[in-house]
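Notes for the one structure printed next.
Every value quoted in this text rests on a predicted model; they were computed, and no experiment measured them.
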Amino acid sequence: MKYKLGKLATLLSVYCACTALPASAAKTTYIPDGYHIKTIQTPKDVRFHVTGMDSNVKGELFIATRFGDVWRYKNDEWLKIAEGLHEPTGLMCDSDGSLVVAQKPELTRLIDDNQDGVIDRFVGMANDWTFHDNYHEFNFGPVKDKQGNYYGTLNLGHGVPDALKLGAMDSAGGYRGWAYQVNNKGEFIPYATGLRSPAGIGISPKNEVFFTDNQGDWVETSKLHLLKKDAFYGHPVGLRDHPDWTTKRILKEQKNFELFEKMREYPVVWIPHAEVANSPGNPEWNITKGKFGPFENQIFIGDQTQSNIFRVILDEVNGVYQGAVINFINGFQSGNIRTEFDVNGGLWVGQTARGWYSVGGKPFGLQKVEWDGTHPFEIADVSMVSSGFKITFTEALTMQSAKNLEIKVKEWGYQYSNRYGSPKQDEKSLAVDNVVVAKDRKSLIFKSKLTERKVVMITLNGLKDGKGRSPSVPVIYYTVNQVK
């Protein structure tokens, strides 16, 4: 049965599809050598807002659109295989050949019984949260760990009647602002709270679940977190469903930022607002074994507002994750909310503007990033060493480039509060000392006085390789959680 939109939902859908967007497509101003963006033709006369996307071991691509359809892309042909879902914002190809879709009121398994390519059965897996029919109450996910447990994240509401509100977002209860697990026995488990708009969830090759959250109230700038059982991630309204808290207690403590600050988990990386992203999607690991170039094991994330993709390089210091954020490619046609590496090493980029602004000029679409084998000259790796950093490049610097290298370093923090985002706090330049270029000229080490709980911006000017190329992006944003 097709899901029928009510009058208000229909008006919202028309608004979201037709809201004024930039008149011309965004321009690509940074992209590594050897990479290009390919635009995929989506089904004709379909509002193809990609909000869920995954591929299987056969290389088939499956997409859920925010209007409730599920499509298969195979041999350059589209087939609609399901319809009637309630604004799904996540899709996963499961190991048994079924699909698992996160729609607003439910986590649902889609099964093709007769193997004709079209879904025959919709099986509910979990619906233990409360959906208040609010446009902002998204259900993101799922991902599945090696033990057979599924994970998803539940967005807070916006404008829900009689909800607890301590800023822009609110909760009327029912695990809004929570991450959840559906374990391998089929049981729903409230897993962690304090989330705001956790639009992307992913799982690493090490079987660790990560999620992104968008800047807003109680979220200084967008961020990437490691998901931990029973953790608190900073937004207090979700605590109303925690057994140790009540709405009355939350209201009493709402201005006690120091208490919530001590309780919360610190991000793996901060994602600087506008400089990198405003509304990041799912973290996707490049484990293509070199099919996507020299960025193996790095995380690729799209941004809905900036219409770009950026990289995250994880660094573990004193047993704690932190790391670098580096812009990768911009100039996509719409808002990048879903990324997926296929078995051939292509990076698919699912897109929607959904009525919110995106730098790309189109309201929806699907594109793909491909690598032609040309070796680029880019920053390959960033890691902390004692009182400084080691930066490695994909190609050797020239001797003259090494002599002329200029390194600029700045640091800043953010202020945690119920305000919508935070400006940079205590921004200042740091001195750079003891710069050493490796004998192979593929890496350099320098020292600087580093402080925990800061973002460090490193700008590298004057770099050239033997072909006269400079990195397309010479700026690194490194989150310092621990100092060696």
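Two residues are said to be in side-chain contact when any heavy atoms from C-beta on lie closer than 4.5 Å; T479 and P267 fail this criterion. Contact annotation: the side chain of V70 never approaches that of K80 to less than 4.5 Å [non-hydrogen atoms, C-beta and beyond]. At least one side-chain heavy atom of Y414 sits less than 4.5 Å from a side-chain heavy atom of P272. The side-chain heavy atoms of R338 and N282, taken from C-beta on, include a pair separated by under 4.5 Å. When side chains are defined from C-beta on, L239 counts as touching F260, because their heavy atoms get closer than 4.5 Å. Proximity of F131 to H86: side-chain heavy atoms (C-beta onward) are separated by under 4.5 Å at one or more points. The shortest side-chain heavy-atom distance between L314 and V312 falls under the 4.5 Å cut-off. L154 places none of its side-chain heavy atoms less than 4.5 Å from the side chain of P198.
Looking at Q306, its side chain never comes within 3.5 Å of a backbone N or O of N330 through a donor-acceptor pair. Judged purely by atom type and a 3.5 angstrom limit, T212 uses its side chain to pair as donor or acceptor with the backbone of G281. The main-chain N or O of V269 is never found under 3.5 Å from a side-chain atom of Q322 such that the two would form a donor-acceptor pair. Remark: side-chain polar atoms of R72 are not paired, donor with acceptor, to backbone N or O of I81 under 3.5 angstrom. Remark: side-chain polar atoms of R240 are paired, donor with acceptor, to backbone N or O of S171 under 3.5 angstrom. Here the side chain of N308 pairs a donor or acceptor atom with the backbone of V276 at under 3.5 angstrom. Not one N or O on the side chain of E411 forms a donor-acceptor pair closer than 3.5 Å with the backbone of L450. The main-chain N or O of L251 is found under 3.5 Å from a side-chain atom of Q254 such that the two form a donor-acceptor pair. In terms of modelled atom types and a separation under 3.5 Å, the side chain of T51 and the main chain of R66 share a donor-acceptor contact. A distance-only check finds a donor-acceptor pair linking the side chain of N149 to the backbone of N184 [under 3.5 Å].
Taking each heavy atom of I250 and V237 in turn, the nearest pair found is CD1-O, 4.4 Å. The minimum heavy-atom distance linking S222 with S279 is given by the pair OG-N, 4.3 Å. In terms of heavy-atom proximity, A324 sits nearest to V382 at CB-CB, 3.9 Å. The two residues F300 and T339 come nearest to each other via the heavy atoms O-OG1, 3.5 Å. Scanning all heavy atoms of the two residues, the minimum distance from F364 to S334 falls at N-OG, 3.5 Å. For the pair T108 and M125, the tightest heavy-atom approach, listed with the atom from each and the gap, is C-SD, 4.2 Å.
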Task: Worked verdict on D94 versus K144 for side chain to side chain contact (heavy atoms under 4.5 Å, CB included) - done: CA-CA 8 Å; D94 213 341; K144 183 182 180 182; 2.8 Å; yes

TODO: Determine, step by step, whether S472 and E378 satisfy the side chain to side chain donor-acceptor pair (under 3.5 Å) criterion, reporting the C-alpha distance in whole Å, the side-chain angles of both residues, the deciding distance to 0.1 Å, and the verdict.
DONE: CA-CA 7 Å; S472 62; E378 299 292 341; 2.8 Å; yes

Open item on the list: side chain to side chain contact (heavy atoms under 4.5 Å, CB included), that's the test. Do I40 and W78 meet it? Break it down for me.
Closed with: CA-CA 11 Å; I40 307 300; W78 290 104; 4.3 Å; yes

- [ ] Output, in order, the C-alpha distance, side-chain angles, deciding distance and verdict of side chain to side chain contact (heavy atoms under 4.5 Å, CB included) for Y477 and W270.
- [x] CA-CA 8 Å; Y477 302 92; W270 292 110; over 6 Å; no

Task: Stepwise salt bridge (charged side-chain N to carboxylate O under 4.0 Å, His left out) test for E275 and K410 - done: CA-CA 14 Å; E275 293 168 80; K410 285 185 178 181; over 6 Å; no

Task: Audit row: Y233, W178, ring pair (Phe, Tyr, Trp, His ring centres under 6.0 Å) steps and yes/no - done: CA-CA 9 Å; Y233 290 94; W178 281 70; over 10 Å; no

Open item on the list: Under the criterion side chain to side chain contact (heavy atoms under 4.5 Å, CB included), I'd like the reasoning laid out for S429 against K408: C-alpha separation, chi angles, the key distance, then a yes or no.
Closed with: CA-CA 8 Å; S429 296; K408 295 181 179 180; over 6 Å; no

Open item on the list: Between F211 and Y151, does the ring pair (Phe, Tyr, Trp, His ring centres under 6.0 Å) criterion hold? Intermediate values first, please.
Closed with: CA-CA 10 Å; F211 70 91; Y151 300 85; over 10 Å; no

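Between E87 and R354 there is a salt bridge, since a side-chain N of the basic residue sits under 4.0 Å from a carboxylate O of the acidic one.
Sparse packing is recorded around CD of E258, with 12 or fewer heavy atoms of other residues, nucleotides or ligands lying under 6.0 Å away. Under a cut-off of 6.0 angstrom, the local environment of NZ in K229 is crowded, with over 12 non-hydrogen atoms contributed by other residues, nucleotides or ligands. At most 12 heavy atoms of other shown residues, nucleotides or ligands fall within 6.0 angstrom of atom NZ in K38.
Relative ring orientation between F138 and W356 is described as perpendicular, the plane-to-plane angle rising above 60° on a 0-90° scale split at 30° and 60°. The aromatic rings of Y73 and W348 sit perpendicular to each other, their planes meeting at more than 60°, with 30° as the lower class boundary.
Legend: residues meeting ring pair (Phe, Tyr, Trp, His ring centres under 6.0 Å) with Y478, ordered by chain and number and at least two apart, are F389. Every residue meeting the side chain to side chain contact (heavy atoms under 4.5 Å, CB included) condition with A126, not counting sequence neighbours, appears here in chain and number order: L107, D128, W129, V182, F188. Y35 is linked by a side chain to side chain donor-acceptor pair (under 3.5 Å) to nothing, counting only residues two or more places apart in sequence or in another chain. Among residues two or more places apart in sequence or in another chain, the side chain to side chain donor-acceptor pair (under 3.5 Å) test is passed with K228 by E265. Here S204 pairs with K206, E208, F210, W285 under the side chain to side chain contact (heavy atoms under 4.5 Å, CB included) rule; sequence neighbours left out.
Under the 6.0 Å cut-off for aromatic ring centres, W71 and F62 do not qualify, their centroids lying 6.0 Å or more apart. Here the two rings, on F232 and W245, have centers that are 6.0 Å apart or farther. For Y180 and Y175, the ring centers sit 6.0 Å or farther from each other.
Q181 and D145 are not linked by any side-chain donor-acceptor pair at a separation below 3.5 angstrom, with hydrogens and angles left out of the test. Side-chain contact of N155 with E137: a donor-acceptor pair under 3.5 Å is absent, judged by distance alone.
Taking CG from L166 and NZ from K255, the interatomic distance works out to 11.0 Å, rounded to the nearest 0.5 Å. Atoms OG1 and CD, on T221 and Q215 in that order, are 5.0 Å from each other to the nearest 0.5 Å.
The salt bridge (charged side-chain N to carboxylate O under 4.0 Å, His left out) test with R196 is passed by exactly one of D217, D170, D213: D217. With F295 as the partner, the ring-ring contact (aromatic ring centres under 6.0 Å, His included) test is satisfied by one option alone out of F328, F310, F341: F328.
For the pair R453 and Y266, the cation-pi test (distance below 6.0 Å, angle within 45°) is passed.
Residue pairs satisfying the side chain to side chain donor-acceptor pair (under 3.5 Å) criterion with at least one member in residues 157-166, sequence neighbours excluded, are listed as follows: Y135-H158.
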